[in-house]
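Input: a single structure, listed below in structure tokens.
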2 protein chains.
Amino acid sequence: MKHSLETYNLFFGSLSNPNRLKILNVLRNKNLNVGEICNYTKFEQTMVSHNLKRLERCGMVFSEQKGKQRYYSLNKKTIKPLMKLIDEHMGIYCVHLIGRKI
Amino acid sequence: MKHSLETYNLFFGSLSNPNRLKILNVLRNKNLNVGEICNYTKFEQTMVSHNLKRLERCGMVFSEQKGKQRYYSLNKKTIKPLMKLIDEHMGIYCVHLIGRKI
DNA sequence: TTCATATATGAAATAAGCATCATATGATAT
DNA sequence: ATATCATATGATGCTTATTTCATATATGAA
């Protein structure tokens with residue numbers, strides 16, 4: 001491990017939340033501003049902003065101001081291979097817990 | 001995303017805990033039984049057992065009974081490339097938050 | 001079988017994380 | 001400047017996660 005446990009913890013913690021995962025998911029195909037993310041996810045604006053902030057701090061999304069709106073985009077370079085890795089892992093080791101809570 | 005948000009959440013949740021990360025860390029180089037993990041980490045036995053259980057359910061560690069002891073080993077096939085991916089990510093995008101809490 | 005050691009389990013207590021609320025900042029237009 | 005729309009922030013209450021405690025199960029030895 002190259003970095004501190006705290007840093008890894010922060011990274012993984014950012015991904016261990018269904019709402020943040022959903023936000024990442026709606027950003028997969030196109031860049032969206034906060035309002036659009038709210039529409040797609042049916043989440044409240046403040047909640048989305050809080051979660052976007054955390055995702056951005058961890059480098060999982062980027063943002064760019066365009067007029068009054070701020071557009072968010074997925075860090076595909078990290079998120080795509082990450083998801084791929086986990087999909088493969090789950091396909092092998094986690095079949096038993098698909099659909100479970102714990 | 002191939003699996004449900006809940007499943008990803010469970011996966012990442014297992015990694016977003018400093019104690020579990022520390023346990024994974026001490027398993028990097030050699031397989032250890034529960035008592036040994038406690039010694040290395042200075043964690044309590046029950047806590048270690050609870051956390052090992054969760055890690056095993058998510059396929060991050062494997063276990064094997066040997067006499068009275070149960071030995072745990074890291075799922076290197078997943079954990080190693082995962083850590084590599086994240087180290088690279090952090091090196092680029094997370095320099096600013098090294099050592100931070102949030 | 002009984003004893004000692006190793007690990008696991010369930011429930012309760014504690015801690016951490018999160019959404020929500022109220023409010024603030026920022027941007028553009030008038 | 002003020003008004004309006006878009007997004008961000010801080011604090012608080014609530015929920016979920018985690019550790020701890022007490023106890024149970026499992027394995028091997030005597």
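Reminder, nothing fancy here: chain letters follow the sequence lines and each chain counts from 1. Just so it is clear, the structure is predicted and the values come from calculations on it, not from any experiment.
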- Query: Out of dT28(C), dT9(D), dA8(C), which nucleotide sits closest to the side chain of Lys68(A)?
  - Reply: dT28(C)
- Message: What contact category does Gln69(B) fall into here, base, sugar-phosphate, or nothing, at under 4.0 angstrom with non-hydrogen atoms?
- Response: sugar-phosphate
- Task: Would you mind telling me which of dT27(D), dA8(D), dT9(D) lies closest to the side-chain atoms of His50(A)?
- Result: dT9(D)
- Tell me which nucleotide among dT18(D), dA8(C), dC18(C) gets nearest to the side chain of Asn17(A). dC18(C)
- Query: Can you check the Ile23(B) CD1 to dT18(D) P distance for me, whole Å?
  - Reply: 12 Å
- Using the rule that two of Ile, Leu, Val, Met, Phe, Trp, Tyr join whenever any of their side-chain heavy atoms come within less than 4.5 Å, decide whether Val26(B) and Tyr71(B) are in one cluster. no
- Taking the six-membered ring for Trp, is the centroid-to-centroid distance between Tyr93(A) and Phe62(B) below 6.0 Å? yes
- Determine: side-chain N/O of Asn51(A) to OP1/OP2 of dA19(C), distance under 4.0 Å, yes or no. yes
- Atom CZ of Arg54(A) and atom C1' of dA8(D): how far apart are they, to the nearest Å? 17 Å
- Quick check: are there more than 12 heavy atoms from other residues, nucleotides or ligands sitting under 6.0 Å from NZ of Lys76(B)? yes
- Message: I want to confirm an ordering. Mapping Lys66(A) and Glu44(A) to their closest nucleotides on DNA chain C, which one lands closer to the 5' end?
- Response: Glu44(A)
- Task: Measure from CD on Gln65(B) to P on dT25(D) and round the result to the nearest Å.
- Result: 16 Å
- Task: Establish, with yes or no, whether the OP1 or OP2 oxygen of dC18(C) is under 4.0 angstrom from a side-chain nitrogen or oxygen of Asn19(A).
- Result: no
- Message: If I take atom CE in residue Met47(B) and atom P in nucleotide dT9(C), what distance separates them, rounded to the nearest angstrom?
- Response: 17 Å
- Task: Find the distance Tyr71(B):OH to dA6(C):P and express it as a whole number of Å.
- Result: 10 Å
- Message: Between P on dA8(C) and CG on Leu52(B), what's the gap in Å once rounded to a whole number?
- Response: 7 Å
- Rounded to whole Å, the CD1-P distance (Ile37(B) to dA8(C)) equals 9 Å
- Item | Transitive ILVMFWY side-chain link Met83(B) to Leu85(A), under 4.5 Å | yes
- Spacing between Lys53(A) atom NZ and dT25(C) atom C1', to the nearest angstrom: 13 Å
- Give the nucleotide from the list dA8(C), dT7(D), dT19(D) with an atom nearest to the side chain of Ser49(B). dA8(C)
- Message: Assuming nearest nucleotide by heavy-atom distance, tell me which of Glu56(A) and Asn9(B) is located more 5' along DNA chain D.
- Response: Glu56(A)
- Query: For the side chain of Gln65(B) and the backbone of Gly67(B), is there at least one donor-acceptor N/O pair under 3.5 Å apart?
  - Reply: yes
- For the side chain to side chain contact (heavy atoms under 4.5 Å, CB included) test, which of Arg54(A), Arg20(A), Glu56(A), Lys53(A) pairs with Val61(A)? Glu56(A)
- Side-chain N,O (Asn33(B)) to OP1/OP2 (dA6(C)) below 4.0 Å: no
- Side chain Gln45(B) and base dA6(C) donor-acceptor under 3.5 Å: no
- N or O in side chain of Arg70(A) less than 4.0 angstrom from dG26(C) OP1/OP2: no
- Message: Measuring from the side chain of Tyr72(A) (C-beta onward, heavy atoms only), which nucleotide among dA8(D), dC21(C), dC18(C) has the closest atom?
- Response: dA8(D)
